[in-house]
Amino acid sequence: MLRLKPSKIVVFYAIVSALWVLFSDRAVGMLFSDSVQTITMLSTFKGWLYICIISVMLYIVLKRYERENINHQKSLSESEERFKTIFDSVSDCIFIHDPRNGKIIDVNARTCATFGYSREEFLELDVGKISSGISPYTQDEAVDRIRQTLKGDILSFEWQCKTRDGRMFWGQVSTSRAVINGIDQVLVSLQDITERKQTEIILAEERKFANAVLESVPGLLYLYNDEGLLVRWNKQHESITGYSGQELSQMHLLDWYKGDELAQKKITDAINRVVRGGSAVEEADLQTKNGEKIPFYFTAVRLEIEGKIYFVGVGIDITEQKKLEQQLSFRALHDPLTGLANRTLYIERISQANERLSKNKEHNFAVVFIDIDSFKSINDSFGHEVGDLVLCEVAHRIECCARKTDTVCRYGGDEFILLLTDIDKSEVTQVIGKVQDVLVAPLAINSHELQISASFGVAYGNDGQQSPETFLRNANIALHNAKISRIEKLVVYEEGMHEAAILNLNLQNDMRRGLEAKEFFVVYQPIFVLKNGQLSGFEALLRWRHPHRGIISPGEFIPAAEESGFIYELGKFVLNQSCLDFVGLMPNLPSDDSLTLSVNISPRQLARPGLIDMIEQALCKTGLPPWALILEVTESSIMEHPEDSACILDKLKQKGVRIAIDDFGTGYSSMSVLQKLPLDSLKVDMSFVSRLTCGKGDREIVRAIITLAHSLRLKTVAEGIETVEQLEILRELGCELGQGYLCSRPLSLVDIPLVISKKACPSLT
């Protein structure tokens, strides 16, 4: 490079030229002053010499300048090449922006490769083309950043970029101000951080998701350090406990259980378990800022971070769960309809009473089984809704009679149990009397006024050695005896009742087996006209020939059949068999004979739906004329439900079947009831007939029965005639028909033709 500046060269040239002019002319004049021609020639030569000297000097200067300029250009070219090499080898994208027009004036190779534009194409673009254009990454925002850089700021920020093919990516941008050729430019460095940004976005989303999950935890999320101080928590801590964040930051683990030593010990033990085993669970009541205690289920695990021990866990509010557990516990031990104790709780209470009795004989107790009489008819007549209301009212009334130490249980259906503890037998009777009194009071249910009664079975605690189930069994057995008794409504369990119940059960099982094995058979007792001994008909009587016990009396198995409900099967058997047998006899009867067949209908048969269908099927199947069949119904079974009984008997009467009241005089029927019944005859019970000769009173009873029957235009049939004296009295009183051993014993089917052929009873003629 030329070392002298142009101004210095000019000054040097001016000085040399001036010195040349001044001194060269003076020297020529001094040497050749006498010759003008010589002076003129020398002046011309001097001018050319000056031109030559100046030309040589200019050549030397310019040559040197040229050489230095070439070297400078070479050096500059080499510098530019090195810069270009470095510029293009940089891994980041480099832009040079001209802030005057916003154009890109240079880019490196990395920029071209990243954005997909050539260098020439880049020089035609502005920053808006390489920005995503999505706010805030727009052209205007990019210009604002450039202006900030021109103020001297060095900026670093993230920018969303767009390539030529429309792909979006994230760049970390750094901008700085640079002066190039005397012009302010903006130097931009861009690093592709898409992968890092995606990772950050994922992490941010995961963090956001984690925070959302943590904050959505319905309970307490906590992190305690090894000193028991609360380090981290979720917002539920503040909303549930009422403490502020500042207060929570100073909370110690045991501060939640102030004044509750048991809870503090439980939590301390749980943390010790975490230290030893790594985790623990515990239930405890957490105390809030206002003093409220909330049951929580806590979990904690051991966590080690950078050598420090922490305890992290979750606390779940189990208030609703506790309420549900209490409700489930109550439901598990109480009847859902009445709220009384159920069987499970009752057995537990009996066990407790039994244990007290085993330790102290003065702690006697009684188990009272209570059953509502004829409750089924309430359900059948008024519906189960009314029945449930009746049960609730009965439960309330029994509870009112019980003491605080007693327990009332609904055992099932219409059965209740009353456990009376620490009580003597006289007090038991008093309590039961109160229950009886409150139960007989009318019940007003849904505009219905109902009258109920109950039967009671009692079992006393003895030595405290029996199981609760045994007490219940004994009380139930006593109740059963009260139910089948027509007199006693209260029965106390006694020794032997259990054995009798077992025998009764065995008998019921034997009956079912015996019917299948054809051990039951029918015999027929003739019925005669007392006036002349003429045969009137037969009464079908059931008998049982047991393979081991021989002939079993009907008085033994009929009550068992009634109790078990097996009387339906036995009654159907007697009806079908006797009708079939009687039809077989009819061809041998004289054409003018109108013998009848009497069949007993039990109270359960009368009360059960389907009786009419059963009789119709028997008549249809066997071909027996309806007029030949007399159905004998006991007076007591009619009086249990007189209106329903009258309806059923009316329908049977319409079928042509005759109706007789059996065992008349043993019940409590009234004239008004009898007048409504479609009856054909009354049967005088044998208990009255057997006492006809014992006194005038019994004779008058029979007279009244016969007179009543005649007033109703009914025939009378005397049962159990065994002596001639009884026969004469009955004839005198006007009784039309009779049966008994005096007339004839019950006959097998094969013996009946002989009786029919005789037409009359010799004992009565």
Side-chain angles (χ1 to χ4, degrees), residues 156 158 170 172 193-326 328-329:
S156 180
E158 293 178 354
W170 285 95
Q172 179 66 44
I193 58 168
T194 302
E195 185 175 348
R196 189 192 79 188
K197 190 67 176 179
Q198 289 175 344
T199 303
E200 289 178 356
I201 292 174
I202 293 173
L203 291 176
E205 290 295 327
E206 290 180 350
R207 191 179 303 111
K208 182 179 179 181
F209 174 75
N211 289 335
V213 170
L214 295 179
E215 293 302 334
S216 66
V217 171
L220 307 179
L221 185 64
Y222 47 81
L223 179 68
Y224 287 92
N225 61 19
D226 55 357
E227 296 178 356
L229 296 177
L230 187 60
V231 179
R232 295 290 300 274
W233 59 87
N234 61 347
K235 292 181 180 179
Q236 293 287 346
H237 266 78
E238 301 177 21
S239 59
I240 292 177
T241 67
Y243 288 102
S244 65
Q246 179 64 29
E247 291 171 321
L248 288 172
S249 65
Q250 301 173 6
M251 293 289 288
H252 188 274
L253 180 61
L254 299 181
D255 289 343
W256 302 107
Y257 314 99
K258 290 180 180 179
D260 191 343
E261 295 182 0
L262 179 60
Q264 289 184 343
K265 184 178 184 305
K266 288 172 63 176
I267 297 300
T268 301
D269 292 342
I271 294 303
N272 290 334
R273 292 199 301 274
V274 174
V275 174
R276 293 192 304 269
S279 64
V281 296
E282 191 58 78
E283 288 186 14
D285 291 341
L286 182 144
Q287 186 171 317
T288 65
K289 187 175 182 178
N290 60 12
E292 180 187 1
K293 289 188 176 181
I294 303 176
F296 269 86
Y297 178 81
F298 294 104
T299 63
V301 295
R302 185 174 180 270
L303 187 65
E304 186 172 346
I305 304 175
E306 297 179 354
K308 293 183 179 181
I309 304 299
Y310 294 89
F311 305 104
V312 62
V314 175
I316 304 298
D317 184 347
I318 56 175
T319 302
E320 294 302 321
Q321 179 181 336
K322 287 294 184 181
K323 290 180 181 179
L324 180 60
E325 288 177 358
Q326 292 175 357
L328 292 177
S329 177

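Please read all numbers here as calculations on a predicted model, not as lab measurements.
- A distance of 12.0 Å separates NZ in Lys208 from CD1 in Ile201, rounded to the nearest 0.5 Å.
- Between Leu324 atom CG and Gln321 atom CD the span is 7.5 Å, to the nearest 0.5 Å.
- Here the straight-line distance linking atom CG of Leu253 with atom CG of Asn225 works out to 10.0 Å at 0.5 Å rounding.
- Across all non-hydrogen atoms, the minimal contact from Val274 to Ala280 is CG2-CB, 3.6 Å.
- Taking CG of Leu230 as the start and CD of Glu247 as the end, the distance is 12.5 Å to the nearest 0.5 Å.
- Taken to the nearest 0.5 Å, the CZ atom of Arg273 stands 10.5 Å off from the OG1 atom of Thr268.
- Proximity of a side-chain donor or acceptor of Ser279 to a complementary backbone N or O of Ala300 within less than 3.5 Å is not detected.
- The heavy-atom pair separating Pro295 from Asp317 by the smallest distance is O-OD1, 3.5 Å.
- Residues Leu229 and Met251 form no side-chain contact, since every pair of their non-hydrogen atoms from C-beta on lies 4.5 Å or further apart.
- Scored by the side chain to side chain contact (heavy atoms under 4.5 Å, CB included) test, Glu304 finds Arg302, Ile309 as partners (sequence neighbours excluded).
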- Message: Using salt bridge (Lys or Arg N to Asp or Glu O under 4.0 Å), reason through Lys265 and Asp269 one step at a time and then give a plain yes or no.
- Response: CA-CA 6 Å; Lys265 184 178 184 305; Asp269 292 342; 3.0 Å; yes
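- Side-chain contact between Asp260 and Gln287 is absent, with no heavy atoms from C-beta onward closer than 4.5 Å.
- Inter-residue side-chain proximity for Glu205 and Ile202 is flagged as unmet; no heavy-atom pair is nearer than 4.5 Å.
- Nearest approach of Gln172 to Ser156, heavy atoms of both residues: NE2-OG, 3.1 Å.
- Across Val314 and Ile316, no two heavy atoms sit closer than the pair CG1-CD1, 3.5 Å.
- Here the shortest heavy-atom pairing between Tyr257 and Leu286 reads CE2-CA, 4.0 Å.
- Interatomic distance, CD of Gln264 versus CH2 of Trp256, reported as 13.5 Å (0.5 Å rounding).
- Thr288 approaches Ile240 most closely through the heavy-atom pair CG2-O, 3.7 Å.
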